[in-house]
Every structure is written in structure tokens, then in C-alpha cells.
Amino acid sequence: MPGQQKRKRSRERAHRRAAAVRGHWEPLFSTQVHAEMKEYVGRLCAERELDPECVRIDQFCGRLTHPTSYRVSVFVPEGPA
């Protein structure tokens, strides 16, 4: 399948990067409106000057009974213990 090897390498790099820095994803915002989510992410990046790799957007696909929802999370590195 075209591009499969590229996706695999990309996932492996992401796993190695995540293993190098310990921390957790902290949810900040949740909505069912795509435009609200995009506006929030724009404001978040402008105000906090965040690296785009530190922001994660989860899309929970809806079915007939549950509408699609979006959750914005930011990576919080662990401090020295």
C-alpha cells in the first residue's frame, strides 16, 4: 500500500520522541462544534506561544445517538522529582 512505510516510520519517531520526555496530556477544552475548536486552538497558540507538537486534538466520532465531539489537550512535561 502506498505510503504505509512512511506512516510507520512517522509513528515510530513519535513514539521515540514521547519516550524521551516524560509527562502527560492535560485536557483543556471540549466541544461539539468544529469552528469553536479551531478558534480555541488559534487563541491558545497565540496567547501561550505553544509549539504545535505540544497540542493534541482528539476527534471522537459520533453515531446516531452520540454527536461528534472534539477535545483539545496540551502536553505537560513532568518536573524533576
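Since this is a predicted model, take the numbers as computed values, not measurements.
Each salt bridge (Lys or Arg N to Asp or Glu O under 4.0 Å) pair with one or both residues in residues 62-72, not counting sequence neighbours, appears once here: Asp58-Arg71. Screening residues 33-47 for salt bridge (Lys or Arg N to Asp or Glu O under 4.0 Å), with sequence neighbours left out, gives Glu39-Arg43. Sorted by first then second residue, the ring pair (Phe, Tyr, Trp, His ring centres under 6.0 Å) pairs that include residues 31-59, not counting sequence neighbours, are Phe29-Tyr40, His34-Tyr70.
Under the side chain to side chain contact (heavy atoms under 4.5 Å, CB included) criterion, His66 pairs with no residue, sequence neighbours left out. Take Ser10 and apply the side chain to side chain contact (heavy atoms under 4.5 Å, CB included) test, not counting sequence neighbours, and it matches Arg13.
Smallest separation of non-hydrogen atoms from Val55 and Cys45: CG2-SG, 4.5 Å. Residues Pro27 and Ser73 approach most closely at CA-OG, 3.6 Å, considering heavy atoms.
With rounding to the nearest 0.5 Å, the separation of NE2 in His24 from CZ in Phe75 is 8.5 Å.
When the side chains of ILVMFWY residues are joined at heavy-atom separations under 4.5 Å, either directly or via intervening members, Ile57 and Val74 end up in a single hydrophobic cluster.
Considering Lys6, Glu12, Gln4 as possible partners of Lys8, the one that fulfils the side-chain contact (heavy atoms from CB on, under 4.5 Å) test is Glu12.
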